[in-house]
S.K.: 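The structure that follows is given in the form of structure tokens.
Heavy atoms only: backbone and side chains are in, while hydrogens, waters and symmetry mates are out. Residue numbering restarts at 1 for every chain, and letters A, B, ... go by the order of the sequence lines.
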There are 2 protein chains.
Amino acid sequence: MFDASPLTQARPLSPRDGDVAHLPALNGPVATFSAGSEIYAQGDRAGTLYQVAFGVVRVYRLLADGRRQICAFHMVGDVFGFEAGIARHVFADAVTTTGLRTIRPSSDADLSRELYRLAMQSLGHAHDHLLTVGRNDAAGRVAAFLLEMADRQGTHGEQTGRAQINLPMSRTDIADYLGLTIETVSRVLTRLKEARILRLTSSRELQVLRWDALEDLTA
Amino acid sequence: MFDASPLTQARPLSPRDGDVAHLPALNGPVATFSAGSEIYAQGDRAGTLYQVAFGVVRVYRLLADGRRQICAFHMVGDVFGFEAGIARHVFADAVTTTGLRTIRPSSDADLSRELYRLAMQSLGHAHDHLLTVGRNDAAGRVAAFLLEMADRQGTHGEQTGRAQINLPMSRTDIADYLGLTIETVSRVLTRLKEARILRLTSSRELQVLRWDALEDLTA
DNA sequence: CGACTACTTGAAAAGAGTCAATTCACGTGG
DNA sequence: CCACGTGAATTGACTCTTTTCAAGTAGTCG
């Protein structure tokens with residue numbers, strides 16, 4: 001046991017828990033995907049892994065009627081594309097113009113260990129996200145999302161001046177990530193603005209005025 | 001592409017996609033856990049994996065105020081305990097009296113491949129479950145849960161006579177798995193009974209009368 | 001038989017979704 | 001340079017689902 005209390009709430013796994021700088025793919029060629037273009041689809045043959053060189057990727061599942069659940073957004077450094085079987089169970093496409101390096105899992109032992117660790121991080125993120133979606137109300141989910149984005153942009157906790165968060169994705173993407181509607185996401189952001197917890201610089205950019213208030217919402 | 005349409009809805013990964021009969025742990029000693037007893041806690045040192053010999057295990061995360069999100073139920077044959085880092089991020093305990101074999105990840109290449117595959121199956125399940133919780137209403141979630149349980153008990157689709165499903169876990173467990181309250185779970189089951197989609201044999205046992213109706217609810 | 005826990009049911013309240021109407025930002029063409 | 005058109009985001013009014021709170025019932029174990 002590292003933790004005194006079994007009730008301790010763990011913060012979501014920070015994406016930078018995983019330093020992937022030493023992955024061999026870093027030297028490989030970068031393929032560019034324009035915003036909205038498909039990287040792979042459900043049903044495609046699995047196997048290839050990708051590392052984000054720049055841009056943002058969304059990984060999601062679809063229901064027959066078009067409802068979508070985004071499982072994760074992947075940003076610079078992230079590795080994604082892990083699958084259990086021979087076929088993809090999810091879709092992946094570029095949110096913004098995105099550069100990807102491909103990784104072909106080799107038999108190299110160290111690399112495998114590293115990839116295994118990264119895959120387990122994906123699992124950890126999925127569990128965190130499940131908690132967010134399953135056990136928070138709309139405000140809590142949006143707050144959790146903003147904290148995650150801040151974490152990934154390294155701006156979390158910056159009390160001094162620029163606590164700017166950039167949202168590369170649309171409200172629809174955010175809603176589909178959080179299991180909400182775009183209207184609800186929009187309303188929550190407006191309420192957070194009115195409560196002086198956020199300042200909405202533009203629709204895709206905002207400042208956090210009170211981190212503690214955001215964290216309280218995810219309680 | 002194996003699939004014609006990118007909009008095809010994939011059924012949740014069946015747990016028996018993964019035949020784990022050849023895992024070496026199958027010959028190891030079985031440790032018994034009584035109902036409700038802890039297998040590991042958040043913060044514990046990670047590393048050990050477990051395979052269920054008999055019984056049921058729940059893996060979950062807790063919030064500070066006691067809210068709980070069950071990530072998965074593990075049944076006979078399932079392997080669980082995968083973690084990204086040195087410490088556990090989730091709790092695991094026995095739902096019923098449960099027997100577990102421990103697996104210590106070795107350097108054995110084939111075993112590692114197999115474990116990697118099982119870990120990725122956990123990831124796949126997490127994604128499926130996220131879709132269920134994020135994009136279905138109460139009835140849809142309960143239906144998805146029942147279909148999952150039926151799948152795991154091999155009773156899915158048995159039109160003939162015994163389409164019996166056993167629920168080893170309490171309503172509270174089901175609610176915490178689906179992100180609902182126990183009252184809502186109970187009400188949905190009652191409605192499904194009144195709609196002659198289910199027959200409630202007892203509070204922990206039921207028969208499915210119309211599989212198609214259940215599947216429609218998860219649409 | 002009585003006490004405890006799990007489950008069910010009901011009524012009221014809160015939260016999120018739906019539908020519809022603007023507003024806003026941005027790129028195009030006159 | 002400005003008017004226009006397009007798609008994204010916001011806002012409002014209303015509906016409906018789910019939660020909450022409060023009883024009540026059923027099963028189980030001593």
Side-chain angles (χ1 to χ4, degrees), chain A residues 35-36 58 63 65-69 95-96 132-146 165-195 198-206 217-219, chain B residues 34-36 58 63 65-69 95-97 132-146 165-195 198-206 217-219:
Chain A
R58 61 181 165 239
L63 290 171
D65 62 2
R67 275 177 295 172
R68 183 177 68 155
Q69 177 65 50
V95 174
T96 62
T132 298
V133 171
R135 283 296 170 214
N136 272 318
D137 60 10
R141 295 185 210 183
V142 171
F145 168 74
L146 293 176
I165 299 180
N166 216 282
L167 304 179
M169 68 290 288
S170 70
R171 294 288 187 270
T172 302
D173 285 335
I174 298 173
D176 286 351
Y177 182 56
L178 299 175
L180 300 170
T181 60
I182 58 174
E183 292 96 330
T184 298
V185 171
S186 186
R187 275 187 256 266
V188 168
L189 288 174
T190 302
R191 271 193 285 131
L192 293 179
K193 178 189 71 177
E194 287 167 354
L198 301 178
R199 175 189 306 279
L200 304 182
T201 320
S202 82
S203 78
R204 298 294 186 97
E205 198 162 68
L206 53 85
L217 286 172
T218 65
Chain B
S34 63
R58 62 182 162 239
L63 289 171
D65 62 2
R67 275 176 296 171
R68 183 176 67 155
Q69 177 65 50
V95 174
T96 62
T97 303
T132 297
V133 171
R135 285 294 171 214
N136 272 320
D137 61 10
R141 296 185 211 183
V142 172
F145 168 73
L146 294 176
I165 299 181
N166 217 284
L167 303 179
M169 68 291 288
S170 70
R171 295 287 187 271
T172 302
D173 285 335
I174 297 173
D176 285 351
Y177 183 56
L178 299 175
L180 299 169
T181 60
I182 58 174
E183 293 95 331
T184 300
V185 171
S186 185
R187 275 186 258 266
V188 169
L189 288 174
T190 302
R191 270 193 286 132
L192 293 179
K193 179 189 72 178
E194 287 166 353
L198 302 179
R199 175 189 306 279
L200 304 181
T201 320
S202 80
S203 77
R204 298 294 186 98
E205 199 162 68
L206 53 84
L217 286 172
T218 66

S.K.: Rounding to a whole Å, what distance do you find between B:Asp65:CG and D:dT19:P?
M.R.: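 Going from B:Asp65 (CG) to D:dT19 (P), I get 15 Å.
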
S.K.: If only atom types and distance count, is the side chain of A:Gln69 paired as donor or acceptor with the main-chain N or O of A:Tyr177 below 3.5 Å?
M.R.: yes

S.K.: Is a side-chain N or O of B:Arg141 found less than 3.5 angstrom from the main chain of B:Leu178, in a donor-acceptor match?
M.R.: yes

S.K.: Is there a side-chain contact between B:Arg171 and B:Asp173, using heavy atoms and a 4.5 Å cut-off?
M.R.: no

S.K.: Could you state the CG-P distance from B:Asn136 to D:dT17, rounded to the nearest angstrom?
M.R.: 15 Å

S.K.: When you check every protein heavy atom under 4.0 Å of nucleotides 23-30 of chain D, what one-letter string (B, S, -) results, 5' to 3'?
M.R.: --------

S.K.: Closest approach of B:Thr201 and B:Leu206, non-hydrogen atoms and distance?
M.R.: OG1-CA, 3.7 Å

S.K.: Just the rounded figure in Å: distance from C1' of C:dT9 to CZ of B:Arg191.
M.R.: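 Rounding to the nearest Å, CZ of B:Arg191 and C1' of C:dT9 are 13 Å apart.
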
S.K.: Could you report the tightest heavy-atom contact between A:Leu146 and A:Leu167, atom names first, then the distance?
M.R.: CD2-CD2, 4.3 Å

S.K.: Which part of the nucleic acid, if any, lies within contact of B:Thr190, taking any heavy atom under 4.0 Å across all strands shown: a base, the sugar-phosphate backbone alone, or nothing?
M.R.: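 B:Thr190: backbone/sugar contact only, no base atoms under 4.0 Å.
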
S.K.: Do you know the tightest heavy-atom contact between A:Arg68 and A:Asp176?
M.R.: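 That closest heavy-atom pairing would be NE-OD2, 2.7 Å.
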
S.K.: Taking the side chain as everything from C-beta on, heavy atoms only, tell me whether A:Val188 gets closer than 4.5 Å to A:Leu180.
M.R.: no

S.K.: From CZ of A:Arg135 over to P of D:dT18, roughly how many Å is that when rounded to an integer?
M.R.: 14 Å

S.K.: Given atom CG of B:Leu167 and atom P of C:dA6, what is their separation to the nearest angstrom?
M.R.: 16 Å

S.K.: Does a side-chain heavy-atom distance below 4.5 Å link A:Thr218 with A:Thr132?
M.R.: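 With C-beta onward as the side chain, the pair stays apart.
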
S.K.: Check the distance between C:dA16's C1' and A:Leu189's CG and give it to me in whole angstrom.
M.R.: 15 Å

S.K.: Can you give me the closest heavy-atom contact between A:Leu217 and A:Ala143, atom names plus distance?
M.R.: CB-CB, 3.8 Å

S.K.: D:dT11 P sits how many Å from A:Leu192 CG, rounded?
M.R.: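 Distance check: A:Leu192 CG to D:dT11 P gives 12 Å.
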
S.K.: Rounded off to whole Å, could you give me the CG-to-P distance for the A:Leu200 and D:dA9 pair?
M.R.: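 In whole Å, D:dA9 P and A:Leu200 CG are 12 Å from each other.
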
S.K.: Under 4.0 Å from any atom of DNA chain C, heavy atoms only: list the residues of residues 169-188 of chain B that qualify, in numerical order.
M.R.: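 Correct list: B:Ser170, B:Arg171, B:Glu183, B:Ser186, B:Arg187.
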
S.K.: Reckon B:Arg204 has a side-chain N or O less than 4.0 Å from the OP1 or OP2 of C:dC7?
M.R.: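 Answer is yes, contact under 4.0 Å.
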
